[in-house]
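Nothing fancy with the numbering, it's 1 onward along the sequence. The structure displayed is predicted, hence computed values, not measured ones.
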Amino acid sequence: MFGAEQIPLYENEVQQAIRELLQKNVAGICITFLHSYVNPSHEKKAKAIAEDVMKELGVSVPLFLSSELYPVSQDFARLNTVLVEAYAAEPSRGQFQRITEKLRALGAKFELRVMASHGGTISTEAKELARTLVSGPIGGVVGAQYLARQLGFENVVCSDIGGTSFDLALITGGQFAIRTQPNMARFVLKLPLVEIDSVGAGTGSFVRLTPSSKRIEIGPDSAGYRIGVSNPDSGVTTVTINDCNVVLGYLNADNFLGGDVKLDRQRAYEAIQEQIAAPLGLDVYAAAEGIVSLFQDHLRNEVISRVLGKGYAPENYRLLSYGGGGPVHVAGYTAGLNFQDILVPSWAAGFSAYGCACADFEYRADKTVQVAIAHARADFSAFASAINAAWSELKERVIGEFAKSGIGDSDIEFRHHVRVQYVGQLNDVEIQVPFERIESSEQVQTIIDRFEEAYSKMYSRSARSPELGYLVTTAIITGVAPSEKPSLPEEPMGGEQPDGDDVETRPVYYKGGWTEAKVYQMERLKAGNRIKGFSVIESPNTTFVVPTGYEAVLDTHRIFHLKPPSKTIRKTGV
């Protein structure tokens, strides 16, 4: 049985290894054994030995035990996660503490919290700070979930374009999915992470021609916050998507980031001419538009594959576009996909930060159990005992984390989850159950029924395989302390026509020719205004492009609804 001691711990070898590491002046020591998630006794003994050696040598470094931090299976991914905890997360704790001290010196009374990978916020004093990885994109998904609940719909495609990447996530039935073994830049980890697909295609993505075939390549590397060649102070010499947008007139070179950054349109023109247009024998504007078209086609393919890959169709979803670059390209990457609605919040550039403010104070604890249900409906005592014991242990861990913030267990809402799979399959599915302990065969059947329902939504009803039996792989406890949420703006309706005094014009290149675009200041538009394309709606932090044939309607919550020219009928096979 995994976890049963087969060979005693070689204590002398552990002592020698600790001594050698300390003599090399390591900053921390990670301890992880193969099946410590079942039986942590050897890891605890190794920790005691390490403490004795440190006391003898008069030194002290932090110790990171996988059984204390991440008591889950898959030892290699678990080791990677503990290494991230020691190498990256723990040093960041000092930075958080300095920020906290500065805030308190300025009179702040609140506690600093950080967005966690599972979609809640945690204290900077939390034991597991590796969960704060990729918190920005996760904030966007949490914000989308909250916004959808406020507006009364459940299915959302979240699309976030920044300078470096295009991030996609699905909210189905009001819930986002959680991965328990994410791959971050080919570094496999073992922690719960909101399921987000990232593509190296942001508005700062570099554009090049392959030397042999003269084929246009976009990304995956990027200028990021440096914008592109059009930013004279960037040091960037390779053309970016931003440069194409500037040359085409979509971005206002004199009003980027509210005018804080002045872009050089001529500089971008000359770079596109030299690097792309001349080698291909194209006009500069045709080359720039072709690049943008390729970019948006790539994003559209990612959107449709993400939706169809889950067995759904765009007609089942609304699409939410945010990030600084999302509103510029949303019409392009949603063209012909027939979403129920396309929403662009006026605060799109700061939407991920908004999402962090929408998240509850939440801790999550996972533990591998690997318990087959099999015939548990007839004799469920062993199964129930294993799950209940794991839930009890995890609940204490969650209570301990909240206690660091002065929150008692009476103020915590505990949610009980399990991850279940068919015996022999590789992928499990997470479900929440409506009870705190398993005390009847009916509750066991509830686990099976909820798994079957979730599995059918994720893969299809025809893929169900109950004859294989069921395996609960992981027990999970989530503790939630509700926090104050931001309220949506609520403005009175105005007329359909925007104030004509606020409208400017500028030429833009679109579909092979020049057209005169109306330019609106986003902050001056009123609820009910209908903006017909071709129009450009500008704010200090983003630009919303409404092409010819499209229409954008601003609602009372300051959310734009982009209306395509027509609802085309597209056969999806679903």
Between Glu491 and Arg558, does at least one N-O distance fall below 4.0 Å, as a salt bridge requires? yes
Between Gln181 and Lys190, does any side-chain donor sit less than 3.5 Å from a side-chain acceptor? yes
Determine whether Val84 and Tyr87 make a side-chain contact, defined as any pair of heavy atoms from C-beta on separated by less than 4.5 Å. no
Residues Arg78, Asp75: salt bridge by 4.0 Å N-O rule: no
Side chains of Glu85 and Tyr70 only: does a donor on one sit below 3.5 Å from an acceptor on the other? yes
Do Asp428 and Thr473 meet the criterion of a side-chain donor-acceptor pair at a distance under 3.5 Å? yes
Are a donor atom and an acceptor atom from the side chains of Glu154 and Tyr317 found within less than 3.5 Å of each other? no
Between Glu217 and Arg208, does any NZ, NE, NH1 or NH2 come within less than 4.0 Å of an OD or OE carboxylate oxygen? no
Under 4.0 Å between a side-chain nitrogen and a carboxylate oxygen: does that hold for Asp264 and Lys262? no
Check ion pair Glu195-Arg306 (N to O, under 4.0 angstrom): yes
Going by atom types only, do Glu274 and Tyr269 share a side-chain donor-acceptor pair under 3.5 Å? no
Do Ser159 and Tyr333 have side-chain atoms, one donor and one acceptor, less than 3.5 Å apart? yes
Give a yes or no on whether a salt bridge exists between Arg506 and Asp254, defined as a side-chain N under 4.0 angstrom from a carboxylate O. no
Check whether the side chains of Asp366 and His417 place a donor and an acceptor atom closer than 3.5 Å, and report yes or no. no
